Amino acid sequence: MNSFFGELMRDNRMGVKGGSEMIRPKYIFCTGGVVSSVGKGLTVAAIGRILKARGLRVALQKLDPYLNVDPGTMSPYQHGEVFVTADGAETDLDLGHYERFVDENVSRLSNVTAGQVYLTVIEKERKGDYLGGTIQVVPHITNEIKRCMKLVGQRSGADVVIVEVGGTAGDIEGLPFLEALRQLRTELKRSEALYVHVTFLPHIGATDELKTKPTQHSVRELRGIGIQPDVIIARTDHPVNHDIVNKIALFCDVDEDAVIPLETADNIYAVPLLIEETGLADYILDRFKIEASSPDLGEWRQLVTRFRAAKDKLRIGIVGKYVELHDAYMSVKESIVHAAIQKDQDVEIVWIHSGELEKGKDRDKLRDLDGVVVPGGFGYRGIEGKIVAAKFARENNVPYLGLCLGMQVMCIEFARNVLGLEDASSSEFDVSTPHPIIDLMLEQRAITDLGGTMRLGEYPCVLVPNSLAAQAYGVKDVMERHRHRFEFNNVYRDLFAKNGVSFSGLSPDNVLVEISELQDHPFMLGTQFHPEFLSRPNRSHPLFSAFVGASAAFRDAKASMASAMHSGMESAE
């Protein structure tokens, strides 16, 4: 078994710490101030990384104040990527950062929304669990939030639980969550909980000054509801001098060594090392009275060094309909980066809007690519542009990796342009198509609730020996995460197989197509699942590694051909 899946299975086997002794975890509560998108998620992930490097078991949780039950039905323009956990939860994209940095699988317990909390409390009220009492935000909603925070600690067996609260101090919708944090901190011993406030220092260009006043106001907002930060992490795009640190410490009533300047890094994987250099981990351990081993960050330092090293550049295109919002494809982008680091390649992501491709625009961008990735998605908009990208990759031998919908459009394109089924489509986009290459599973057709029709979470896949997929993985059976409703229609399986498509990954009962690949192409492979959710910066996913390797070979072959042609022209002259 290769190292990728061997380590994942080892992590899964560890489970909850055994024995009858109940572990009482320490809690770090992380809030944000001044502006949104200040980097709380990455900060939480980085703190988790440096604590785990000291031998501690870490669990992470994101509290989202919106009333949606989960982000599964939200537009990517509203929320970015939906990250899927192994147990089938549709969650915030920050959980992807958690998994990639800490290298621990999170679960549905790791993302709690206001919608989930209110729904649970209302359902309990309807069943009479509150014995006729008046249901209120305090104590019923706050008690449920506290229950969720305690539960993730108990189930994970963690030494430290890091809880991130979405939004910014002062948001009305976040008040119940902050109140729950305040109450839980009161219930715990002082040495068992810590408040970390991530804020932003704006820079005034005219005077070349960093301003601390917004941070002071943000801390005052928290104090007004009974929360006094223990640590302030000051995000900035500019160097922070000692005077600024001293001013924040003085006016926010925080220890000077607990004011952590965090300047924007050249890459996100450098953030744990930047925080490590500030001594924050030692400050946290001292406050928690925890004795831990010396930090083992050698592999992480090597990762960052390899990231920064000069390398040959690959141009990889991501073709999607949300490409103007890069967060919609966060895990896909990072998985390409992980594979490029592993292969000692630099990578330039070329964002190509599938809606523009179907209008006949931006097709020149395809000609300069070394590889094409078509990620997942829902709805008809931009589909024909993705089919254009699949056709271009097939006809020009450009390495192609299709993810979920990317596999489906690869099959639709093949049906139309190789098999001659001109009206081939998916019944998701065209219910009247005479050739539904992609169709809804029979058992799902009677379900009308959008949240109930999904195939979500981790499922097994059996690989066909000697296929591209099997060579990439190096194992026979794998577990991968899914998020989709429609499947390849088995009515067409034999026709595809007779004409050069290999279904190299199948469900154990041989019913569902999980991987398809083109036999007479250097690398054209599609997966019904989402391998991007399992990639790690220090352990690239096998399929992304194989794709990047094929893309590098394609680039080098193009360069050799161009050089030979140039030499031939010079000889002719």
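Values in this document were obtained by computation on a predicted structure and should not be read as measured data.
For K558, the NZ atom is densely surrounded, since the number of other residues' heavy atoms within 6.0 Å is greater than 12. Residue N466 qualifies as open at atom CG: its count of foreign heavy atoms under 6.0 Å is 12 or below. Heavy-atom contacts from other residues, nucleotides or ligands closer than 6.0 Å to CD of E324 number more than 12.
Counting heavy atoms from C-beta on, the side chains of S545 and Q342 come closer than 4.5 Å. Counting only heavy atoms from C-beta outward, the side chains of L419 and H435 never approach each other to under 4.5 Å. Using a 4.5 Å cut-off on side-chain heavy atoms (C-beta onward), T91 and K62 make no contact. The closest side-chain heavy-atom distance from V319 to V372 is below 4.5 Å. Proximity of V112 to Q61: side-chain heavy atoms (C-beta onward) are separated by under 4.5 Å at one or more points. Inter-residue side-chain proximity for F177 and D64 is flagged as unmet; no heavy-atom pair is nearer than 4.5 Å. Counting only heavy atoms from C-beta outward, the side chains of L95 and L60 never approach each other to under 4.5 Å. A 4.5 Å side-chain heavy-atom check between I336 and I318 finds at least one atom pair inside the cut-off.
In this structure, R363 does not pair ionically with E356, as no charged nitrogen and carboxylate oxygen lie closer than 4.0 Å.
Applying the salt bridge (charged side-chain N to carboxylate O under 4.0 Å, His left out) test to D87 and every residue at least two apart in sequence or in another chain returns R108. By the ring-ring contact (aromatic ring centres under 6.0 Å, His included) test, F533 pairs with F83, H530, sequence neighbours left out. Looking at residues two or more places apart in sequence or on another chain, you find a salt bridge (charged side-chain N to carboxylate O under 4.0 Å, His left out) between R315 and E348. Considering only residues two or more places apart in sequence or on other chains, K365 meets the salt bridge (charged side-chain N to carboxylate O under 4.0 Å, His left out) condition with D362. Residues passing the ring-ring contact (aromatic ring centres under 6.0 Å, His included) test with F429, sequence neighbours excluded: Y380. Listed by chain and residue number, nothing satisfies the ring-ring contact (aromatic ring centres under 6.0 Å, His included) test with F200 (two or more places apart in sequence, or in another chain). Every salt bridge (charged side-chain N to carboxylate O under 4.0 Å, His left out) that E514 has, sequence neighbours left out, goes to R455. For Y118, there are no ring-ring contact (aromatic ring centres under 6.0 Å, His included) partners two or more places apart in sequence or in a different chain.
If you check the side chains of E480 and T527, you find no donor sitting under 3.5 Å from an acceptor. Using modelled atom types, one finds a donor on one side chain and an acceptor on the other under 3.5 Å when comparing R235 with T264. Side-chain atoms of D423 and S425 include no donor-acceptor pair closer than 3.5 Å. Residues D439 and S427 have side chains that bring a donor and an acceptor to within less than 3.5 angstrom of each other.
Closest of all the heavy-atom pairs between I316 and V373 is CG2-CG2, 4.0 Å. Minimum heavy-atom separation, P537 to W300: CG-CH2, 3.7 Å. For the pair N105 and E99, the tightest heavy-atom approach, listed with the atom from each and the gap, is CA-OE2, 3.5 Å. Between D370 and R555, the closest heavy-atom pair is OD1-CB, 3.5 Å. In terms of heavy atoms, H97 sits closest to I268 at CE1-CD1, 4.4 Å. The shortest heavy-atom contact between S540 and S335 is OG-O, 4.5 Å.
Sorted by first and then second residue, the salt bridge (charged side-chain N to carboxylate O under 4.0 Å, His left out) pairs with a member in residues 397-421 read E384-R416, R394-E413; sequence neighbours excluded. The ring pair (Phe, Tyr, Trp, His ring centres under 6.0 Å) contacts involving residues 325-353 comprise Y269-H338, H326-W351, where partners must be two or more places apart or lie in separate chains. Within the structure, ring pair (Phe, Tyr, Trp, His ring centres under 6.0 Å) pairs that include any residue of residues 63-82 comprise Y66-H79, Y77-Y322 (at least two apart or interchain).
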With ring-ring contact (aromatic ring centres under 6.0 Å, His included) as the test, would you mind laying out the steps for F523 and F554 before giving the verdict?
CA-CA 10 Å; F523 192 99; F554 179 75; over 10 Å; no
After noting the C-alpha distance and the side-chain angles of F414 and F496, does the key distance pass the ring-ring contact (aromatic ring centres under 6.0 Å, His included) rule?
CA-CA 8 Å; F414 189 87; F496 270 68; 5.5 Å; yes
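For the side chain to side chain contact (heavy atoms under 4.5 Å, CB included) criterion with V38, the lone passing option out of V198, L262, T43 is V198.
Between H484 and H482, the two ring planes are tilted [angle within 30° to 60°].
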Which side-chain N or O atoms in residues 399-412 pair as donor and acceptor under 3.5 Å with protein atoms at least two apart or in another chain?
unit_1 : atom_1 : unit_2 : atom_2 : d
Y400   : OH     : G406   : O      : 2.7
Q408   : NE2    : F486   : O      : 3.1
Q408   : NE2    : Q528   : OE1    : 3.2

